[in-house]
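Just so we're on the same page: letters track the sequence lines, and every chain starts at 1. Bear in mind that the values here come from a model prediction, so they are computed numbers and not experimental data.
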Amino acid sequence: MDAYTRPAAGVPSTVEGLYEDLRNLTVHYAHVGGTELAQTLARHAWLPAQMTITQGVGGGPDVQFGWVQAIRSMEIFGDVHQPDFLAQMRARGEVTGQIVASWTMVTAVAVALHTHRLGLDAHRLGDTSGWVPPAARDAPSVS
Amino acid sequence: MRMSSDIPRSLRPPADYRPGLASSRPKLYPVASPDSSRDQSRSRLTIGELFPDGDVVGQWVFSLTSLTEDLHVGTQPARQAQESGDLRGMLFWHRHMVTRLYEARRLITAARTIAEVHAFAGTLLHDRQVGRT
């Protein structure tokens with residue numbers, strides 16, 4: 001998998017690529033007045049601008065701004081109307097799922113090794129009978 | 001910032017809404033049993049035992065479990081959002097998962113640059129091919 005390895009100098013790793021795709025619109029908010037935000041809005045100016053306010057669970061308002069969802073999904077996942085949208089989603093989910101599965105495996109082994117290293121009885125950690133880390137090749141698709 | 005009286009009625013929360021006040025107590029983390037000092041071999045481990053003060057490998061393992069906690073809390077909701085076509089949920093959980101995976105690069109950097117962690121985790125990461133930065 002080597003998801004954190006840069007294939008060449010200046011070329012982002014798989015994880016860096018995933019992160020760069022979504023950073024500007026979902027982790028950071030683009031600068032108001034900057035060209036990036038203006039260009040993003042202009043790029044999707046043709047999309048409908050919809051919002052809903054409904055009564056959510058518990059009686060409070062459930063507010064959804066469809067234009068935010070539309071722009072973010074278009075930028076990150078691509079156009080849902082394109083025929084290859086689901087295939088792209090699935091591919092992205094498989095990559096993410098494989099990385100998650102590898103980290104899970106590393107964690108399970110690391111905790112066991114660490115406990116042994118300190119001379120502690122691993123049974124004192126609690127019930128870990130259900131923790132069977134999946135092999136990376138059997139990883140569920142998550143995105 | 002607008003005061004609540006300025007907010008349109010349709011956007012106002014219910015009169016009895018109290019942000020941050022949960023209606024039920026969350027499931028609490030168990031405390032050490034009273035007899036733990038008498039029979040330590042059979043009692044629950046404490047955080048102090050598992051992560052001794054100053055143990056950098058323990059700190060790395062703790063960080064690793066923090067990462068896995070964050071990844072696993074999002075796995076099921078991400079899958080449900082995808083299966084139900086919930087675009088809003090898909091975006092949220094995708095952001096969560098990818099930012100956590102991105103932050104995890106620090107664990108790999110620590111395994112490369114801290115000798116004790118490298119001795120403990122280097123082979124583990126190499127075998128799993130989690131990768132290098």
Side-chain angles (χ1 to χ4, degrees), chain A residues 1-6 13-16 18-23 25-27 53 58-61 63-64 66 68-70 72-73 76-77 80 89-90 92-93 96-97 99-100 102-111 113-115 117-118 120-126 136 140-143, chain B residues 8 10-14 16-17 23 30 40-45 49-52 55 57-58 60-61 64-65 67-69 71-72 74-76 78-79 81-82 85 87-88 90-95 97-105 107-108 120-121 124-125 127-133:
Chain A
M1 181 175 60
D2 251 2
Y4 290 85
T5 305
R6 289 178 181 156
S13 68
T14 301
V15 170
E16 286 173 327
L18 286 168
Y19 183 70
E20 285 173 4
D21 283 349
L22 65 83
R23 177 185 55 199
L25 275 174
T26 65
V27 178
I53 303 171
V63 183
Q64 297 206 30
V68 176
Q69 297 173 28
R72 283 177 171 173
S73 64
I76 295 166
F77 298 137
V80 295
M89 274 294 303
R90 201 172 296 118
R92 186 184 290 265
T96 311
I99 304 171
V100 170
S102 286
W103 276 118
T104 303
M105 179 72 84
V106 167
T107 304
V109 176
V111 169
L113 289 176
H114 176 62
T115 309
R117 164 182 167 265
L118 294 175
L120 298 169
D121 179 359
H123 291 98
R124 293 175 61 209
L125 286 168
S141 174
V142 295
S143 63
Chain B
S10 60
L11 286 175
R12 285 182 205 167
D16 61 347
Y17 176 65
S23 58
Q40 197 176 34
S41 65
R42 296 178 60 190
S43 64
R44 291 180 189 276
L45 277 174
E49 286 178 282
L50 192 58
F51 305 110
D55 180 15
V57 172
W60 189 83
V61 172
L64 189 62
T65 53
L67 166 69
T68 303
E69 268 284 311
L71 293 175
H72 277 248
T75 300
Q76 188 65 18
R79 190 181 294 126
Q82 196 167 341
L87 194 57
R88 190 189 203 189
M90 286 163 61
L91 284 163
F92 180 86
W93 290 112
H94 179 71
R95 174 179 60 189
M97 301 296 272
V98 172
T99 51
R100 293 304 91 204
L101 290 175
Y102 184 72
E103 282 297 303
R105 75 197 187 285
L107 289 167
I108 293 173
F120 176 80
L124 192 60
L125 293 176
D127 288 348
R128 292 306 309 164
Q129 293 185 322
V130 169
R132 305 173 299 275
T133 54

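Contacts of B:L101 with chain A are made by both backbone and side-chain atoms, with heavy-atom separations under 4.5 Å. Using a 4.5 Å cut-off between heavy atoms, B:L67 touches chain A through its side chain atoms alone. The contact between A:L118 and chain B is made entirely by side chain atoms (from C-beta outward), counting heavy-atom distances below 4.5 Å. Heavy-atom distances place both the backbone and the side chain of B:A104 under 4.5 Å from chain A.
In terms of modelled atom types and a separation under 3.5 Å, the side chain of B:H94 and the main chain of A:G93 share no donor-acceptor contact.
Rounding to the nearest 0.5 Å places CG of B:L125 at 5.5 Å from CH2 of A:W103. The distance from atom CZ of A:R72 to atom CZ of B:R95, rounded to the nearest 0.5 Å, is 5.5 Å. Note: A:L18 CG to B:T99 OG1 = 11.0 Å, rounded to the nearest 0.5 Å. Rounded to the nearest 0.5 Å, atoms CZ (A:R92) and CE (B:M90) are 10.0 Å apart. Interatomic distance, CD of B:E49 versus CG of A:D121, reported as 10.5 Å (0.5 Å rounding).
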For a side-chain contact (heavy atoms from CB on, under 4.5 Å) check, start with the C-alpha distance between B:H72 and A:T107, then their side-chain angles and the critical distance, and finish with the verdict. CA-CA 12 Å; B:H72 277 248; A:T107 304; over 6 Å; no

Pair A:V15, B:R105 - check side-chain contact (heavy atoms from CB on, under 4.5 Å), show working. CA-CA 9 Å; A:V15 170; B:R105 75 197 187 285; over 6 Å; no

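Closest approach of A:S73 to B:L87, counting heavy atoms only: OG-CD2, 3.5 Å. A:A110 and B:L124 get closest at one heavy-atom pair: CB-CD2, 3.7 Å. Minimum interatomic distance between B:L91 and A:Q69 (heavy atoms only, all atoms of both residues): CD1-O, 3.7 Å.
Counting heavy-atom pairs closer than 4.5 Å to chain B, the top residue among A:L120, A:L113, A:L125 is A:L120.
Note: B:Y102 and A:Y19 have parallel aromatic rings, judged against thresholds of 30 and 60 degrees for the angle between ring planes.
Under the 4.5 Å side-chain criterion, counting only non-hydrogen atoms from C-beta, A:T104 is not in contact with B:L71. Inter-residue side-chain proximity for B:L50 and A:H114 is flagged as met; some heavy-atom pair is nearer than 4.5 Å.
At most 12 non-hydrogen atoms from other residues, nucleotides or ligands lie less than 6.0 angstrom from CD of B:E69.
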